[in-house]
Amino acid sequence: MLDPRTLAARRDEVAESCRRRGVVVDLDAVIGHQERVAALTTRLQEVYRQRNEHQGRGKRPLEVAERESHAAEGRRLKDEAARLEAEVVEAEKELRTLACTVPNLVHPDAPTGGEADFRVLRHSGTPAHFDFRPLDHLSLAERLSLVDFEGGAKVAGQKFYFLKNEAVLLELALQRFALDVLIDAGFTPFVTPDVARPEILDGIGFDPRGPETQIYSIANEDLCLIGTAEITLGGLYADAILDEDALPLRLAGLSHCFRTEAGAAGRESRGLYRVHQFSKVEMFAITRPEDSEAMHEELVAIEERIFQALEIPYRVIDVASGDLGAPAYRKYDIEAWMPGRGEAGDWGEITSASNCTDYQARRLGIRVRRKATKRNEFAHTLNGTAVALSRAPIAILENHQRADGSIGIPKALQPYFGRDVIGPR
RNA sequence: GGAGAGGUGCCGGAGUGGUCGAACGGGCCUGACUCGAAAUCAGGAGUACUCGCAAGGGUACCGUGGGUUCGAAUCCCACCCUCUCCGCCA
């Protein structure tokens with residue numbers, strides 16, 4: 001949600017961003033509605049003022065007849081207020097609905113276009129040359145008894161799985177490795193709840209309901225399974241007014257992530273790439289508005305450090321305007337080289353870092369108290385994947401596979417993993 | 001899960017129908033005193049909405065949502081949360 005008043009002030013800029021996103025929104029309707037809500041609110045407050053004045057006159061002892069007519073007038077004012085209140089509530093609800101259709105602004109340097117129009121910012125590493133035909137991660141994992149999708153389907157359904165043997169150790173090693181990198185970088189580590197209230201999801205910009213939702217709801221509870229720790233870490237600071245000196249906040253959250261993947265049938269669905277549950281170490285940052293772009297670069301730099309240490313070839317892309325998602329102002333994805341993907345290997349997204357500017361902060365009520373002006377402003381929030389324990393293992397398995405079917409463990413991970421190879425078996 | 005207690009401003013803590021946006025402490029900010037500081041004294045500090053070019057008005061908010069009443073922090077109902085005890089449990 002963009003603030004309807006800043007929307008009015010920056011109307012043309014917002015319109016241009018919507019155009020670049022390919023989103024059709026009637027901005028003038030939102031602005032007009034905001035004005036109507038303000039006018040209604042003013043009228044309601046005037047009735048409140050009258051009511052207060054009237055009540056002041058009832059504080060002294062009154063004759064019986066006087067008391068009667070006083071009470072009657074009071075009831076009249078109360079009814080009038082109630083009527084207006086209902087109108088205001090209704091109008092505000094509608095305004096919120098309208099305002100929520102307006103996505104965030106888009107960074108001027110982000111490429112314009114759809115999913116395929118990303119800009120490649122840089123490459124790191126070179127895809128390994130195999131003198132044998134490399135397998136995809138699923139075949140590798142099955143040969144080595146690392147995952148059990150059949151068992152997952154048996155107890156929980158399609159796209160759930162068991163990790164087994166070294167895959168379990170690999171998951172834990174990657175978690176711990178990533179956390180160490182983040183702690184070094186000044187992040188405070190968290191293990192967060194795996195569930196959250198719908199308001200929190202909504203504040204972060206996830207739609208907990210509706211047919212296209214990515215979110216599981218828990219029956220008979222007002223709770224959802226989280227799709228990422230971004231939800232819980234952001235929610236942790238909902239309604240906070242933060243001291244300017246306390247920023248930026250760097251938070252690292254380890255959680256399980258649950259996604260329904262509604263409407264994603266058939267899309268790159270093999271193996272661990274797109275599953276209903278996985279673990280993730282997520283970065284979340286809260287900054288002053290002027291610091292968010294630098295923080296965005298910092299988050300990507302950390303992601304790159306992690307994947308360089310894991311010896312995974314990758315490229316960093318600047319996601320195009322049409323593929324950003326409503327909260328994001330700019331998004332950088334890291335795509336790892338996955339030798340087993342497609343016919344002869346392909347790039348696959350393994351992390352994603354977004355600068356959401358004040359879009360989430362506004363909905364969650366995360367503010368900064370400015371020292372100079374003593375005023376409160378909405379903070380900026382950012383999030384980025386340190387390591388997703390579904391996709392990072394794909395990249396490791398596929399890139400570090402050997403002719404004998406074993407998997408080499410990158411040096412940086414060996415102390416965490418405990419040995420230097422998985423298999424062969 | 002059962003029983004009890006409680007949720008008030010930055011913190012502690014009054015307040016059981018109008019005079020309460022809220023006593024009193026503490027902390028914080030400004031000024032006075034001081035060479036400076038401490039102590040002391042005098043002032044000032046919440047959030048949001050709304051009207052206004054502004055200065056400055058107005059309105060709402062005492063866990064949340066309803067209700068009673070001319071009038072609710074105060075009474076009633078529901079829910080959420082916290083604490084203590086019991087039970088259960090990793």
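Each chain gets a letter, A, B and so on, in the order the sequences are listed, and its residues count up from 1.
If you take CZ of A/Arg51 and P of B/A72, they are 7 Å apart, rounded to a whole angstrom. Protein atom CD of A/Glu35 is 16 Å distant from nucleotide atom P of B/C49, rounded to whole Å. Between the CZ atom of A/Arg362 and the P atom of B/C49 there is a distance of 10 Å, given to the nearest Å. If you measure from atom CD of A/Gln55 to atom P of B/U59, you get 11 Å, rounded to the nearest angstrom. In this structure, A/Gln50 places its CD atom 15 Å from P of B/G71, rounding to the nearest Å. Rounded to an integer number of Å, the gap from OH of A/Tyr48 to P of B/C51 is 16 Å. What separates CG of A/Asn52 from C1' of B/A72 is a distance of 13 Å, to the nearest Å.
Ring-centre distance between A/His276 and A/Phe258: not below the 6.0 Å cut-off.
Mapping A/Asn376 and A/Glu73 onto RNA chain B by nearest heavy atom places A/Asn376 at the nucleotide closer to the 5' end.
Residue A/Arg369 places at least one side-chain N or O closer than 4.0 Å to OP1 or OP2 of B/U47. OP1 or OP2 of B/C70 has at least one side-chain nitrogen or oxygen of A/Arg75 nearer than 4.0 Å.
Annotation: A/Arg425, atom CZ; neighbour count of heavy atoms from other residues, nucleotides and ligands within 6.0 Å is above 12.
Judged by distance alone, with hydrogens and angles left aside, A/Gln45 brings no side-chain donor or acceptor close enough to the base of B/C51 to form a pair under 3.5 Å.
Taking the side-chain contact (heavy atoms from CB on, under 4.5 Å) definition, one finds that A/Leu169 meets it with A/Phe417, A/Arg419, sequence neighbours left out. For A/Asp239, the side-chain contact (heavy atoms from CB on, under 4.5 Å) test picks out no residue, with sequence neighbours left out.
If you check every strand for non-hydrogen atoms under 4.0 Å, A/Arg43 touches nothing. Residue A/Arg375 is classed as having no contact, given no heavy-atom separation below 4.0 Å to the nucleic acid.
Applying the Watson-Crick and G-U wobble criteria (two distances, each under 3.5 Å), B/C89 pairs with nothing in any strand. With a cut-off of 3.5 Å on both Watson-Crick or G-U wobble distances, the partner of B/G4 is given as B/C83. Using N1 to N3 plus N6-O4 or O6-N4 for Watson-Crick, or N1-O2 and O6-N3 for G-U wobble, each under 3.5 Å, B/A14 pairs with nothing.
Scanning residues 230-243 of chain A for heavy-atom distances under 4.0 Å to RNA chain B yields A/Ile241.
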Might you list the N or O atoms of the protein lying below 3.5 Å from N or O atoms in nucleotides 61-68 of chain B, with each pair's distance?
none

Show the distances under 3.5 angstrom between N or O atoms of the protein and N or O atoms of nucleotides 73-77 of chain B.
none

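Under the 90° criterion around 0 for the glycosidic angle, B/A45 counts as syn.
A gap of 15 Å separates the P atoms of B/A73 and B/G7, to the nearest Å.
In this structure, A/Arg250 fails the cation-pi test against A/Phe284, since its NZ or CZ atom is not both closer than 6.0 Å to the six-membered ring centre and inside 45 degrees of the ring normal.
The two residues A/Gly114 and A/Asp323 have their closest heavy-atom pair at C-CB, 4.4 Å. Closest non-hydrogen pair, A/Ile306 versus A/Phe177, comes out as CG2-CE2, 3.9 Å.
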List the atom pairs, donor and acceptor, that lie under 3.5 Å between side-chain atoms in residues 75-84 of chain A and the rest of the protein, sequence neighbours left out.
{"unit_1": "A/Arg76", "atom_1": "NE", "unit_2": "A/Glu73", "atom_2": "OE1", "d": "3.3"}
{"unit_1": "A/Arg76", "atom_1": "NH1", "unit_2": "A/Glu80", "atom_2": "OE1", "d": "3.2"}
{"unit_1": "A/Arg76", "atom_1": "NH2", "unit_2": "A/Glu73", "atom_2": "OE2", "d": "3.4"}

